[in-house]
Amino acid sequence: MPSLILSTAARYLLPLLLLFSVFLLLRGHDEPGGGFVGGLVGAAAFVLVGIAAGVDQARRLLRVDPRAALAAGLLLAVASGLPGVALGRPFLTGWWVTLPVAGGAKLGTPLLFDLAVYLVVLGAALTIVFALMEE
Amino acid sequence: MLRALALWAVMPVLAAALVLTLYRIVRGPSAPDRVVALDLLTVVVIGMIAAYEVATDQPVYLDVAITLALVSFLGTIAFARYVERGR
Amino acid sequence: MSPRELLTAALLAFGAIWILIAAAGIVRMPDLYLRMSASSKAATLGAALMLLAVAVHFQALGVVSRVGATVAFILLTAPVAAHMIARAAYVTGVPLWRGTMVDELRGRYDPE
Amino acid sequence: MIAAVASGFALALAAPWIVRRAPAHAGWMLALAPAAMTAYLAAQVPAVAAGSIATAATAWIPTLGIALSFRLDGLSLLFGLLITGVGAVVTVYAGGYLAGHPQLGRFFASLFLFMASMLGLVLADDLIAMFVFWELTSVSSYLLIGFDHDRAEARSAALQALLVTAGGGLVLLTGLLLLGQVGGTFAVSALIAHAEAVRGHVLYLPVLVLILVGAFTKSAQVPFHFWLPSAMEAPTPVSAYLHSATMVKAGVYLLARLAPVLGGTTVWTALVLPVGAATMLVGALLALRQTDLKRILAYSTVSALGALTALIGAGTPAAVEAAMVFLLAHALYKGALFLVAGAVDHETGMRDVSRVGGLRRAMPLTAAAAGLAALSMAGLPPALGFLAKELLYEAVWPGPGGAAWALGVVVVASAALVAVAGIAGVEPFAGPAHPTPRTPHEAPPSLLVGPALLAGLGLAVGLAPVWTAQPLVASAAGATLGAPVTLALKLWHGFTPALGLSVLTVLAGATLYATRSVLRRDAAWLDRAGRLGPAAWYDWAMRALLAAARDQTRLLQSGYLRTYLLVVVGTTVAVTGYALATRVGVRLPTALGDVRSYEWVLAAAILLAALGAVRAPSRLAAVAALGAVGYGIAVVFILYGAPDLAMTQFAVETLTVILFVLVLYRMPRFARYSGTAARVRDALVATAAGGLMTLLLLAATGFSLERRVSAYYAESSVPLAGGRNVVNVILVDFRALDTLGEITVLAIAGVGVYALMRLRARTR
């Protein structure tokens with residue numbers, strides 16, 4: 001018996017939560033945050049939808065199966081280590097490139113790795129929660 | 001002076017609130033009592049964070065406060081849903 | 001003590017006192033629903049005041065925006081949470097206080 | 001040499017493919033390789049006889065000083081020739097014997113795996129390399145004994161053989177490692193130089209005993225002999241090859257190879273000689289008792305192995321020379337007799353000696369080969385066996401110190417062996433023809449060439465020992481004694497007391513042969529003795545092992561999550577506690593002064609919440625209290641300036657609450673299951689675990705941490721990794737590999753839960 005109030009609140013809260021989660025992820029390198037907590041907050045957002053509107057709605061909203069996110073995360077993590085090897089340095093060495101856009105914003109493999117961690121944490125948490133939620 | 005005030009005046013008050021909340025968590029006859037107490041606990045902690053930030057002149061803990069606010073809301077909702085289902 | 005510091009101190013103190021009142025309410029009140037009325041309202045106000053103190057104290061854009069987001073978030077989620085818990089409690093039959101004068105909801109609320 | 005061993009293994013891989021290509025004459029084609037190897041080794045004889053020793057080595061585990069080094073000297077050459085020569089003959093024989101068998105490819109693969117590993121064993125100069133090949137032979141013997149695995153007896157026999165030989169292998173490994181330590185090197189050739197030091201070393205006895213046990217299990221000496229007769233479940237070519245000519249002689253080879261290092265002491269003779277003699281006697285007597293052709297030959301092999309061990313145990317030059325000649329003779333005639341037994345079984349479908357007879361008319365050539373081989377086994381003049389027996393008697397002749405009992409045992413055993421030669425070689429072919437399930441006719445050529453060649457070789461070497469065997473045997477004996485030896489092998493030794501003794505033995509053997517049926521009946525008491533014998537011990541040990549396993553599983557895998565947790569937490573506390581107490585020493589906090597007041601309150605709050613969780617009346621209360629504890633710890637993180645940690649802790653805490661809530665919803669009503677005793681025990685374990693963690697943390701904080709590490713991360717966080725948040729930089733850049741590990745664990749947990757839930761859903 002999902003309560004009407006909760007689902008409406010969820011509809012407003014979800015974007016805020018997701019925004020905050022990505023915000024935490026991207027800021028992780030300089031300010032407190034990072035892949036782990038970002039992933040957790042992201043998972044919390046979808047759990048909220050799960051509770052408010054039921055698991056199927058949450059799965060539809062996620063559009064991709066949590067286990068796929070899990071796998072993609074792990075793959076990305078390993079992939080982000082490869083450029084280091086390509087440069088003859090040990091596996092997972094950081095490699096940075098300064099993008100011309102936004103005043104020389106720097107994009108580096110550690111950020112990719114952080115994103116990978118985000119995906120894995122999100123995937124794992126949702127896999128578990130959705131599995132438990134399913135009747 | 002402000003920093004001392006924040007630390008030695010406001011913190012004890014919050015500490016007292018903390019103890020009262022814990023009393024309710026432990027004794028609370030029904031489950032929802034405990035959930036409400038836990039919710040209040042979150043607010044007390046947010047208060048502590050705010051006081052601590054002023055005391056240490058460090059704004060960095062605000063993110064912790066946001067995360068806490070977001071996430072504890074979820075805890076309460078989950079509890080509520082569980083209590084509704086009986087047990 | 002510059003006016004800014006005075007304001008921060010006042011806000012902090014008031015906030016803390018409101019939270020203390022909420023905690024006292026949660027302990028002294030006889031039944032769940034009264035406790036909730038005390039705690040959700042007072043605590044939210046208390047936290048908002050203290051966060052405002054932080055904003056006043058630092059007066060940096062980053063800080064103020066984050067404080068604003070937090071306060072907005074708390075104002076949005078607290079009532080919803082309180083509603084959910086009260087509903088759950090009422091539905092599962094948590095007893096009201098003996099001295100309750102009238103229970104407008106009885107009989108008119110169909111949980112299904 | 002490495003090429004020879006490597007090609008052996010390559011052949012093992014190629015065999016199945018070759019069999020599929022040309023099933024009809026696979027045997028012949030595959031036999032070419034071992035034949036080529038024999039030729040190659042034979043070509044080495046003159047060089048080796050002249051004393052030159054070929055070596056080849058490649059580094060294998062340099063850090064441990066273990067190299068895959070090979071060394072071809074007389075002893076290895078003799079064994080190498082046996083392995084490849086008999087191997088070639090057996091391959092041809094197996095091609096015919098198992099013609100049309102669906103899994104012939106698998107048979108040849110394991111056969112060549114065995115040949116290559118046996119060759120590697122005899123050529124290896126490094127103890128560890130030799131051990132690896134040793135174990136490989138045990139494994140391939142397991143594969144071969146259990147070849148037709150649909151028969152239960154074959155499977156149990158294979159398992160028995162594996163357990164006994166591999167068990168011995170373990171003991172051997174310990175011995176070899178100890179020897180390596182004592183001798184300072186794993187290379188056998190180098191060990192010989194340190195022989196004095198090894199023999200004088202305090203660890204000499206344990207090393208000797210361990211290695212002897214390994215050798216005795218492999219060469220089926222008395223307490224461990226029971227696996228060989230039951231290994232007759234293997235197809236006959238395997239019995240002929242492994243369990244007579246090569247594998248069972250690996251133990252003898254090991255003793256011979258290590259004799260210069262370990263031998264020569266009174267302990268060596270006191271241990272090896274009696275065991276060998278006892279095995280010789282037991283094997284011979286039991287052989288008389290059997291009726292199944294292959295089991296008779298198996299027991300006689302046990303006896304022959306006993307003789308070889310005894311001779312090497314004696315250690316005198318005469319004994320060693322006798323051993324080498326006897327080794328060669330035995331391989332030839334026993335191999336031939338086994339192949340004949342296989343032919344008889346193949347043709348008549350029966351192996352019971354008492355019910356088979358008069359085959360000489362139907363299988364003349366096989367009969368001839370069998371007769372020749374029996375001649376050599378019985379030790380009659382023209383055959384090599386006679387020469388071997390003469391040398392055997394001269395070696396054991398009680399000189400001034402020699403033990404008279406040894407001669408007595410040897411004579412009795414030899415007499416029995418003569419009788420066995422008659423039973424195995426002559427009885428099936430002599431006398432009137434008996435009805436048999438399949439009408440016998442001459443064996444196909446592939447089954448004939450084996451016995452004929454081996455028996456013929458036995459005769460040829462006997463007639464002209466000087467050119468054929470003398471250089472080989474002399475260098476082999478030299479390698480065993482550690483000193484070059486000159487040897488004059490001649491058939492006729494003149495009228496020596498040894499000759500008189502052999503005539504006596506032959507006569508005794510003939511009488512035994514004549515009264516064989518009587519012997520079989522009244523030797524029934526031997527079976528009763530068998531029940532108490534080692535075979536019974538083995539069965540008892542097996543049953544005891546299974547029973548212990550069952551009890552242990554029932555105890556530990558009780559199915560209750562509670563017991564698992566108890567065991568896990570209990571052991572961790574015990575082990576870490578012990579380590580902490582002994583190494584680091586318990587360090588209680590002394591300076592409590594600088595703890596601020598609200599930190600006390602926080603600590604009290606966390607404790608109160610924890611107590612609340614423990615005494616909670618309902619599951620939900622417990623979860624709520626746990627949530628409070630989690631929040632308390634997060635506040636501690638905040639107070640000590642760790643925003644990242646605090647955020648993660650809050651998030652994790654809440655998700656845990658959510659998970660709990662979801663799980664509790666499915667649990668049955670809450671009731672107090674455990675009694676007070678259980679609760680007290682759990683409380684004790686929990687407090688112990690908590691206490692341990694506190695002490696660990698105190699100890700950790702007590703250490704003067706290596707400031708350099710944190711300093712390095714702090715100041716290199718921006719330049720190297722371009723990030724001011726050191727915690728995250730460490731997580732994602734400096735220690736990214738650890739994080740990779742952690743997220744993999746997380747992924748596995750996620751998938752694990754998913755699988756469990758999916759499984760549960762389907763079973764409902």
Side-chain angles (χ1 to χ4, degrees), chain A residues 21 24 27-41 43-44 47-48 50-51 66-67 69-71 73-74 77-78 80-81 84 90-94 96 98 106 108-121 123-135, chain D residues 641-656 658-666 717-718 720-761 764:
Chain A
S21 142
L24 274 177
R27 220 170 48 106
H29 228 44
D30 298 319
E31 299 288 332
F36 273 106
V37 81
L40 286 173
V41 169
V47 166
L48 172 63
I51 293 180
R67 281 173 295 139
L70 207 60
L74 283 180
V78 174
S80 73
F91 182 56
L92 283 179
T93 320
W96 290 89
T98 44
K106 295 201 303 300
T109 52
L111 284 188
L112 283 179
F113 190 85
D114 217 355
L115 178 61
V117 169
Y118 178 89
L119 284 174
V120 168
V121 167
L126 288 184
T127 314
I128 295 177
V129 170
F130 284 168
L132 284 170
M133 268 186 177
E134 234 113 41
E135 273 322 307
Chain D
D644 275 278
L645 276 176
M647 276 202 285
T648 317
Q649 169 74 10
F650 278 125
V652 165
E653 200 55 46
T654 310
L655 275 173
T656 326
I658 293 175
L659 284 178
F660 259 122
V661 158
L662 288 170
V663 169
L664 294 189
Y665 165 64
R666 284 190 163 78
S717 146
V718 176
L720 283 184
R724 283 194 305 283
N725 174 355
V726 172
V727 169
N728 199 298
V729 159
I730 294 179
L731 264 178
V732 246
D733 194 337
F734 291 116
R735 303 298 296 263
L737 200 60
D738 305 349
T739 320
L740 185 61
E742 279 141 29
I743 51 176
T744 323
V745 166
L746 205 58
I748 293 171
V751 171
V753 168
Y754 179 79
L756 284 175
M757 290 309 291
R758 169 57 61 87
L759 194 67
R760 204 184 60 76
R764 212 202 328 255

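Side-chain atoms are counted along with the backbone in the values below, which use heavy atoms only and exclude waters and symmetry mates.
With a threshold of 4.5 angstrom between heavy atoms, A:Phe36 approaches chain D through side-chain atoms but not through N, CA, C or O. Residue D:Ile658 touches chain A through its side chain alone, counting heavy-atom pairs closer than 4.5 Å. Of the atoms belonging to A:Val117, heavy atoms from both backbone and side chain fall under 4.5 Å from chain D. Residue D:Leu662 touches chain A through its side chain alone, counting heavy-atom pairs closer than 4.5 Å. Looking at D:Leu740, the atoms closer than 4.5 Å to chain A (heavy atoms on both sides) sit in the backbone and in the side chain alike. At a 4.5 Å heavy-atom cutoff, the contact between A:Leu70 and chain D is made by side-chain atoms alone.
Between chain A and the options D:Ala651, D:Ala747, D:Ala646, the largest number of non-hydrogen pairs under 4.5 Å is found for D:Ala747. With respect to chain D, the highest number of heavy-atom pairs below 4.5 Å among A:Thr127, A:Leu126, A:Val78, A:Leu40 belongs to A:Leu40.
The line from CG of D:Leu746 to CG of A:Leu74 is 9.0 Å long, rounded to the nearest 0.5 Å.
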- List the steps, then state whether side chain to side chain contact (heavy atoms under 4.5 Å, CB included) holds for D:Val663 with A:Leu132. CA-CA 7 Å; D:Val663 169; A:Leu132 284 170; 3.9 Å; yes
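Within the 4.5 Å cutoff, the side chain of D:Asp644 has no heavy atoms near those of the A:Val37 side chain.
Scanning all heavy atoms of the two residues, the minimum distance from D:Ile743 to A:Ala77 falls at CD1-CB, 3.9 Å.
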